[in-house]
Number of protein chains: 2
Amino acid sequence: MSDVQLKDALDALKSIGVRITPQRHAILEYMIHSTTHPTADDIYRALEKTFPNMSVATVYNNLRVFRKAGLVKELTYGDSSSRFDFVTHDHYHMICNDCGKIVDFHYPGLDEVEHLASHVTGFQVDYHRLEIYGTCQDCMEKPAKAQ
Amino acid sequence: MSDVQLKDALDALKSIGVRITPQRHAILEYMIHSTTHPTADDIYRALEKTFPNMSVATVYNNLRVFRKAGLVKELTYGDSSSRFDFVTHDHYHMICNDCGKIVDFHYPGLDEVEHLASHVTGFQVDYHRLEIYGTCQDCMEKPAKAQ
DNA sequence: ACTTATATTATAACGATTATAATGTAAGAA
DNA sequence: TTCTTACATTATAATCGTTATAATATAAGT
């Protein structure tokens, strides 16, 4: 099934005239198999064994290409680097304020909110993003938290 | 009414042992009266007439202080700087993908989603964040969009 | 295999944010 | 009120994520 995802992604890129390079193939493959919403640097480090000469710019460039193609979403949070999420079916994110862990969860789309927002603001709606913040079980069991 | 907000904010800071400096007073006042979700630099530039010697680090430091005190929220988006929002009653944000404009809108809290997420993930929920992305009316009327 | 537009690499540059060290000051105590 | 000192501010340097640049390499159509 992730083979299908990969094939579909590659086809989607080809159809818009984006060349398939070994690096692009590997980055997509890594993202599809990843469950951790990796940063650009995560991807870079995971692939440097296979591509010792790959530049970090290649990772950023291609994440941007994939984002423009609608294949990945970029998630930004307060502190550090962006995280990237291969787009599958819609889901939301539960984020631990302590350790930064991100867990997916599913919920019916919030169409009603979108409609109201559109009506009130006059915007044409594209999509929405919902994140729930809290503390994960691992962090709740930890003794104290240093600031 | 914003006088009350300012007074409450100052009291909240005092109660946790944070000193009230003219800079802090001015930053809070600016944020309360602002409707534009300013960046740190927006604030810095707005106040440099009144405080010609103020450092941009002071703005960042104090936004962090206010954030820790729960007085402001930091909003991060893909591209550029964080924006800061004085916390009043709960509201959500409608964001224009074209010009970056942010408009507030109100909607009943999504308690049901929070409960489900907590149940599914085992997280203890603190709060959530919902953003709707689209195109504002001004940008819809613009001729074309350069990439 | 040839061609060429596009991709990659290596590196420099950039911009937002944070750290540092010196100086200044808010606010409680005398 | 003045004194004291811990905390704030300033000025500047450093850091870190990301992007731009220019040279080299290569995907993919001919």
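Below, read A as the first sequence line, B as the second, and so on, with proteins coming before strands; counting in each chain starts at 1.
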Side-chain donor-acceptor pairs under 3.5 Å in residues 12-29 of chain B, sequence neighbours left out?
{"unit_1": "B:S15", "atom_1": "OG", "unit_2": "B:A12", "atom_2": "O", "d": "2.7"}
{"unit_1": "B:T21", "atom_1": "OG1", "unit_2": "B:R24", "atom_2": "N", "d": "3.1"}
{"unit_1": "B:R24", "atom_1": "NE", "unit_2": "B:N62", "atom_2": "OD1", "d": "2.7"}
{"unit_1": "B:R24", "atom_1": "NH1", "unit_2": "B:R19", "atom_2": "O", "d": "2.8"}
{"unit_1": "B:R24", "atom_1": "NH2", "unit_2": "B:N62", "atom_2": "OD1", "d": "3.3"}

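- At least one side-chain nitrogen or oxygen of B:Y60 sits closer than 4.0 Å to the OP1 or OP2 atom of C:dT17.
- How far CZ of B:F123 is from SG of A:C136: 5.0 Å, rounded to the nearest 0.5 Å.
- Qualifying side-chain contact (heavy atoms from CB on, under 4.5 Å) partners for B:D8, counting only residues two or more places apart in sequence or in other chains: B:V4.
- Distance, B:I16 CD1 to D:dA8 P: 10 Å, rounded to whole Å.
- Residue A:Y44 contributes atom OH, which lies 11 Å from atom P of C:dT11 at whole-angstrom precision.
- Tested against A:E74 for a salt bridge (Lys or Arg N to Asp or Glu O under 4.0 Å), the candidates A:K68, A:R83, A:R67, A:R129 yield a single pass: A:R67.
- Side-chain atoms of A:T39 never come within 3.5 Å of backbone atoms of A:S82 as a donor-acceptor pair (strictly under, hydrogens ignored).
- Distance B:F84 CZ to C:dA16 P: 12 Å, rounded to the nearest Å.
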Could you list the donor-acceptor pairs under 3.5 angstrom formed between side-chain atoms of residues 46-59 of chain A and any protein atom two or more places apart in sequence or on another chain?
{"unit_1": "A:S55", "atom_1": "OG", "unit_2": "A:A57", "atom_2": "N", "d": "3.1"}

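- One side chain, B:Y107 or A:E112, offers a donor N or O that lies under 3.5 Å from an acceptor on the other.
- As a whole-Å value, the separation of A:N61 CG from D:dT21 P is 12 Å.
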Scan nucleotides 25-30 of chain C nucleotide by nucleotide, 5' to 3', and note B when protein non-hydrogen atoms come under 4.0 Å of the base, S if they reach only the sugar-phosphate, - if neither. BBS---

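- C:dT8 atom C1' lies 11 Å from atom CD1 of A:I27, rounded to whole Å.
- If you check every strand for non-hydrogen atoms under 4.0 Å, A:D41 touches nothing.
- No option in B:L63, B:D85, B:V87 other than B:L63 meets the side chain to side chain contact (heavy atoms under 4.5 Å, CB included) test with B:M31.
- Side-chain contact check for B:Y92 and B:H128: at least one donor-acceptor pair (N or O, by modelled atom type) lies under 3.5 Å.
- Near DNA chain D, meaning a heavy atom under 4.0 Å away, the residues from residues 45-58 of chain B are B:N53, B:M54, B:S55, B:A57, B:T58.
- For the pair B:N62 CG and C:dT18 C1', the computed distance is 14 Å after rounding to whole Å.
- With 3.5 Å as the limit, one finds no donor-acceptor pair spanning the side chains of A:H37 and A:D42.
- Between B:R64 and C:dT17, a side-chain N or O to OP1/OP2 separation shorter than 4.0 Å is absent.
- Taken over five-pair windows at either terminus, the axes of the helix from C:dA1-D:dT30 to C:dA30-D:dT1 are inclined to one another by 40° (rounded to 10 degrees).
- Under the 6.0 Å distance and 45° angle rule, A:K73 does not count as a cation-pi partner of A:F86.
- For the pair B:S82 and C:dT17, the criterion of a side-chain N or O lying under 4.0 Å from OP1 or OP2 is met.
- In this structure, CZ of A:R24 is placed 14 Å from C1' of D:dA25, rounded to the nearest angstrom.
- When the C1' atom of D:dT19 is taken as reference, atom NZ of A:K68 falls 12 Å away, rounded to whole Å.
- At a threshold of 4.5 Å between non-hydrogen side-chain atoms, the residues B:Y133 and B:E131 count as touching.
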